[in-house]
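Data block below; observations after.
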Amino acid sequence: MDRLLLWVSVLASLPEAFAHRDLTGKVFVFPRESATDHVKLITKLEKPLQNFTLCFRAYSDLSRGYSLFSYNLQGKDNELLVFKHRIGEYSLYIGKNKVTFKVREVFPRPVHICTSWESSTGIAEFWINGEPLVKKGLRQGYFVGAYPRIVLGQEQDSYGGGFDKTQSFVGEIGDLYMWGSVLSPNEIQLVYQGLSFPHPTLLDWQALNYEMNGYVVIKPRVWS
């Protein structure tokens with residue numbers, strides 16, 4: 001009985017360490033540059049991905065490069081990575097290959113990002129604040145592997161680790177959703193506007209499984 005009470009006490013003292021909750025109207029705040037602070041997103045992805053769409057909001061005043069979404073496999077890094085190299089320049093990595101998208105940006109300013117990829121054509125799309133950028137192509141016929149480790153706040157050089165503080169994210173991330181399909185342009189507009197959109201099949205901000213590590217805080221989103 002004493003051991004049970006001890007575990008209850010420990011869990012009660014760490015309410016945000018591991019959670020499954022609706023984060024509507026909230027953001028993960030990464031307040032400092034570090035090689036440790038991150039959020040692990042948990043999804044039951046047991047089959048390789050032939051298609052996907054990923055959308056989220058971010059706000060940062062960093063002018064250096066940083067990772068926005070890092071998806072690694074055991075023994076394979078950069079399986080799926082969204083990375084911002086500098087103001088107005090984003091890259092999508094699939095199976096270690098990358099394509100780069102350029103956009104004129106006001107800095108610093110909150111941004112809504114959607115990116116999609118389909119195996120059959122290799123076409124990758126990138127949308128910034130509801131506006132489509134020039135389509136690119138990579139890894140036609142490739143499947144993104146299953147059983148990933150997904151991390152926000154850091155870029156993984158190993159499975160769930162190998163972090164470099166100079167690639168860490170400092171800022172706020174929210175409204176993150178992921179589908180195992182390519183959303184239509186109309187559906188992406190609905191996501192951007194925060195209206196009714198297709199139910200996310202892989203990651204759902206309104207029912208998110210996550211684990212917070214280090215100095216990460218959940219706060220209300222006060223920007224649009």
Side-chain angles (χ1 to χ4, degrees), residues 17-20 28 30 33-58 60 62 64-85 89-101 113-119 122 124-126 136-171 173-174 176-182 200-205 208-216:
F18 179 80
H20 177 187
F28 289 127
F30 301 87
E33 181 177 274
S34 84
T36 55
D37 308 335
H38 67 285
V39 175
K40 181 171 72 173
L41 303 183
I42 300 160
T43 181
K44 293 182 179 179
L45 181 53
E46 299 176 350
K47 295 182 180 179
L49 286 175
Q50 299 182 48
N51 311 282
F52 71 82
T53 303
L54 169 69
C55 296
F56 57 91
R57 300 183 191 274
S60 176
L62 290 176
R64 64 159 171 80
Y66 53 85
S67 174
L68 285 160
F69 182 90
S70 178
Y71 175 123
N72 273 18
L73 305 180
Q74 189 74 51
K76 295 178 68 177
D77 65 336
N78 295 350
E79 181 70 358
L80 196 175
L81 172 67
V82 179
F83 195 92
K84 185 171 185 177
H85 297 280
E89 186 173 315
Y90 298 82
S91 283
L92 173 66
Y93 290 73
I94 302 290
K96 289 193 173 183
N97 290 12
K98 75 171 182 176
V99 286
T100 299
F101 302 85
I113 296 168
C114 279
T115 184
S116 67
W117 174 82
E118 60 181 8
S119 174
E125 298 186 37
F126 217 91
K136 304 291 176 71
L138 78 166
R139 282 295 202 173
Q140 184 178 10
Y142 186 77
F143 287 7
V144 174
Y147 302 102
R149 183 65 54 88
I150 302 175
V151 167
L152 302 179
Q154 301 286 344
E155 194 274 311
Q156 303 174 78
D157 284 331
S158 61
Y159 190 61
F163 303 146
D164 179 346
K165 66 184 292 185
T166 65
Q167 296 179 323
S168 65
F169 175 79
V170 180
I173 291 178
L176 190 147
Y177 300 94
M178 189 172 184
W179 297 259
S181 61
V182 174
T201 55
L202 300 178
L203 293 168
D204 184 353
W205 196 250
L208 195 67
N209 282 305
Y210 63 89
E211 180 182 307
M212 294 168 57
N213 297 271
Y215 186 23
V216 184

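Counting from 1, the numbers follow the sequence of the chain as shown.
Using a distance-only test at 3.5 Å, with no hydrogens or angles considered, no donor-acceptor pair links the side chain of T43 to the main chain of L203. No side-chain donor-acceptor contact under 3.5 Å links T100 to the backbone of S91. Between the side chain of Q156 and the backbone N or O of R149 there is at least one donor-acceptor pair closer than 3.5 Å. Side-chain atoms of N72 come within 3.5 Å of backbone atoms of N78 as a donor-acceptor pair (strictly under, hydrogens ignored). Between the S119 side chain and the N51 main chain, no donor and acceptor come within less than 3.5 Å of each other.
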> Passes ring pair (Phe, Tyr, Trp, His ring centres under 6.0 Å), F169 versus Y66? Steps please.
Replying inline: CA-CA 5 Å; F169 175 79; Y66 53 85; 5.4 Å; yes
>> One pair to check against side chain to side chain contact (heavy atoms under 4.5 Å, CB included): L49 and Y71. What are the steps and the verdict?
In response: CA-CA 12 Å; L49 286 175; Y71 175 123; 4.0 Å; yes
> Please walk me through it: do Y210 and L41 pass side chain to side chain contact (heavy atoms under 4.5 Å, CB included)?
Replying inline: CA-CA 5 Å; Y210 63 89; L41 303 183; 4.0 Å; yes
> For W117 and Y93, what are the C-alpha separation, side-chain angles and deciding distance, and is it a ring pair (Phe, Tyr, Trp, His ring centres under 6.0 Å)?
Replying inline: CA-CA 10 Å; W117 174 82; Y93 290 73; over 10 Å; no
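Between S181 and T201 there is no side-chain heavy-atom pair separated by less than 4.5 Å. You'll find the side chain of I173 stays beyond 4.5 Å of the side chain of F69, heavy atoms only. Between L176 and L152, the closest side-chain pair of non-hydrogen atoms falls below 4.5 Å. Looking at heavy atoms from C-beta onward, L80 lies in side-chain contact with I94 at the 4.5 angstrom threshold.
The stretch residues 36-51 participates, sequence neighbours left out, in these salt bridge (Lys or Arg N to Asp or Glu O under 4.0 Å) pairs: R32-D37, K40-E211. For residues 72-85, the salt bridge (Lys or Arg N to Asp or Glu O under 4.0 Å) pairs, not counting sequence neighbours, are K76-E79, D77-K96, K84-E105.
Judged by the 6.0 Å and 45° rule, K136 forms no cation-pi pair with F126.
Taking the centre of each ring, W205 and F28 come in below the 6.0 Å mark.
Under the side-chain contact (heavy atoms from CB on, under 4.5 Å) criterion, T166 pairs with D164, not counting sequence neighbours.
Considering every non-hydrogen atom in both S34 and Q154, the closest pair reads O-NE2, 3.0 Å.
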